[in-house]
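Labels below follow one simple rule: chain letters A, B, ... track the order of the sequence lines, proteins then strands, and each chain is numbered from 1. These numbers were taken from a predicted model, which means no experiment stands behind them.
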Amino acid sequence: MPELPEVETVRRALALELGELRVLAVGGRSTALRRPLVVERLAAVLPGRRFAAARRRGKFLLLDLEPPGTLLCHLGMSGRLTLDAVSAPLLPHTHLVLRLEDGRELRFVDPRRFGLLDWLEPGAEAADPSLARLGPEPLDPAIGRWLPPRLKARRAPLKALLLDQHLVAGVGNIYAAEALWRAGVRPDREGRRTALPRLERLALEVRSVLEEAVAEGGTTIRDYAAPSGNFGSFAVRLEVYGRQGEPCRRCGAELRADVLGGRTTAWCPHCQR
DNA sequence: CCAGTATCCTGCAGGC
DNA sequence: TGCCTGCAGGATACTG
């Protein structure tokens, strides 16, 4: 669900809202998330610690605390972090509740349970199985130099390659489709059969679509919301995602949808070549 | 190593 | 109205 811009939006909101607040208590119920969520483990380390910084790596959120340690978080498809008054009713599928010293609670809600929460001791980050193999950040201004050769080395469809977090970290189904449309490149084209200048163009479009979405607070389609309850406004600027059957805004041709790398991809058969 | 598929889970829209 | 099916913004284990 949330891709890089949505996670970045959450990160910024949390950095602002959490400040250096102390965690007073930990609640919730252990459950099977992507990694097992063991509430007792978090209850043993979090109380007494203060939030110190909120970082993002790809679609992962890293909340640093003091004394040092990091709460690793991934929102999966349906995960949300919310800040609520203690008195606010608990939503169904609330897995973790952190009671804060200002009277509010940081809550993790995730109906589909594809997300994850984990505690990382200082130094454990480099060895974390999810973080260790992540590709570079797509907001890097140098993306035009390192992404094209990586794509060129593979024969899978470009759409599938953009979703591979080991090649570039943070692109998901929405922005992959949008970047391909902006670059005028067919999503089913093989990496190795695409000319380098076109791959460079694609890399730059990946960066710019993500940057624009970050500036708008992300895309809200179904159940994504920032902790404050605000919604991103990028949805109105989507050119292909979810628009199959509708006319291409560039050439008027009917947009179609195909499954690539197991994910539905909308694209324009006329202006994407 | 690479590419493709199956799988985890719930909610919801659409068809009947 | 209810039931059923398929699909959803993700990551990864597995197969060939």
Side-chain angles (χ1 to χ4, degrees), chain A residues 1-10 29-37 56-61 72-81 91-95 108-118 128-135 138 150-181 187-193 206 209-210 213-214 216-226 231-245 257-266:
Chain A
M1 162 202 122
E3 306 183 29
L4 184 152
E6 291 72 38
V7 178
E8 177 62 18
T9 299
V10 172
R29 273 185 53 174
S30 297
T31 185
L33 300 182
R34 172 157 301 285
R35 294 180 194 178
L37 168 65
R56 180 192 56 73
R57 184 72 181 87
K59 301 172 194 172
F60 288 86
L61 201 55
L72 176 67
C73 177
H74 194 294
L75 301 176
M77 294 274 261
S78 59
R80 290 170 56 190
L81 283 167
L91 290 173
H93 308 293
T94 297
H95 305 302
F108 180 75
V109 185
D110 185 8
R112 290 179 68 183
R113 294 196 266 130
F114 286 175
L116 76 82
L117 287 167
D118 205 357
D128 184 88
S130 299
L131 298 175
R133 299 175 54 225
L134 281 183
R150 285 177 163 228
L151 298 173
K152 189 77 180 169
R154 305 274 297 263
R155 61 161 194 167
L158 286 169
K159 171 64 181 337
L161 295 177
L162 290 178
L163 295 184
D164 185 343
Q165 303 299 299
H166 306 118
L167 290 182
V168 51
V171 182
N173 209 33
I174 293 179
Y175 299 108
E178 295 298 315
L180 284 159
W181 181 86
D188 59 352
R189 183 172 288 282
E190 292 180 12
R192 66 176 178 184
R193 295 191 59 239
V206 165
V209 73
L210 291 174
V214 167
E216 302 229 8
T219 299
T220 300
I221 291 186
R222 194 167 296 153
D223 43 8
Y224 160 75
F231 291 77
S233 59
F234 194 75
V236 297
R237 300 184 44 195
L238 296 179
E239 298 287 353
V240 284
Y241 178 81
R243 295 193 66 239
Q244 52 267 39
D258 292 291
V259 175
L260 291 168
R263 316 293 300 279
T264 300
T265 304

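Side chain of A/H74, nearest nucleotide from C/dA11, C/dA8, C/dG9: C/dA11. For A/A156, whose side chain is taken as the heavy atoms from C-beta onward, the closest listed nucleotide among B/dC9, B/dA3, C/dT12 is B/dA3.
We find that CD of A/Q244 is positioned 8 Å from P of C/dA8, with the value rounded to whole Å. For the pair A/R155 CZ and B/dA3 P, the interatomic distance rounds to 6 Å; values are reported in whole Å. Taking atom CZ of residue A/R34 and atom C1' of nucleotide C/dT12, one finds them 6 Å apart after rounding to whole Å. Taking atom CG of residue A/L116 and atom P of nucleotide C/dT12, one finds them 8 Å apart after rounding to whole Å. Atom CG in A/L260 sits roughly 12 Å away from atom P in C/dA8 (whole-Å rounding). The distance between atom CZ of A/R263 and atom P of B/dT7, rounded to the nearest whole Å, is 17 Å. The interatomic distance linking A/D128 (CG) with C/dT12 (P) rounds to 9 Å, in whole Å. Taking atom OH on A/Y175 and atom C1' on C/dG10, their separation rounds to 15 Å, with Å as the unit.
When atom types are taken as modelled, the side chain of A/E6 and the backbone of A/T219 share a donor-acceptor pair closer than 3.5 angstrom. Side-chain N or O atoms of A/R154 include none that pairs as donor or acceptor with a backbone N or O of A/G191 at under 3.5 Å. Listed for the A/E178 side chain is no donor-acceptor partner under 3.5 Å among the backbone atoms of A/L238.
With no hydrogens or angles considered, no side-chain donor-acceptor pair links A/T265 and A/D258 at under 3.5 Å. Counted by atom type alone, A/S130 and A/R35 present one or more donor-acceptor pairs between their side chains at under 3.5 Å.
Nucleotides C/dT12 and B/dG11 have their C1' atoms positioned 23 Å apart, rounded to a whole Å. A distance of about 15 Å separates the P atoms of B/dT5 and C/dC7, rounded to the whole Å.
Of the two residues contacting DNA chain B, namely A/R154 and A/A32, the nearest-nucleotide position lying further toward the 5' end is that of A/R154.
Backbone-only engagement by A/P157 is indicated by non-hydrogen atom pairs under 4.0 Å involving sugar-phosphate atoms exclusively. Contacts of A/G172 with the nucleic acid, taken as non-hydrogen atoms under 4.0 Å apart, involve only primed sugar atoms and P, OP1 or OP2.
Within the structure, a side-chain polar atom (N or O) of A/S130 is placed less than 4.0 Å from OP1 or OP2 of C/dT12. Side-chain nitrogen and oxygen atoms of A/H166 include none within less than 4.0 Å of the OP1 or OP2 phosphate oxygen of B/dC1.
Taking 4.5 Å as the limit, every side-chain heavy atom of A/D110 sits out of range of all side-chain heavy atoms of A/L117. In this structure, A/L61 and A/L81 have side chains that are in contact, with non-hydrogen atoms separated by less than 4.5 Å.
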field: Intra- and inter-strand pairs of DNA chain C in dot-bracket (Watson-Crick or G-U wobble, both distances under 3.5 Å; | for another strand)
entry: .|||||||.|||||||

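For A/R112 against B/dC9, a side-chain N or O and a base N or O form a donor-acceptor pair under 3.5 Å.
Under the 30°/60° scheme for interplanar angles, the aromatic rings of A/F60 and A/H74 are found to stand perpendicular.
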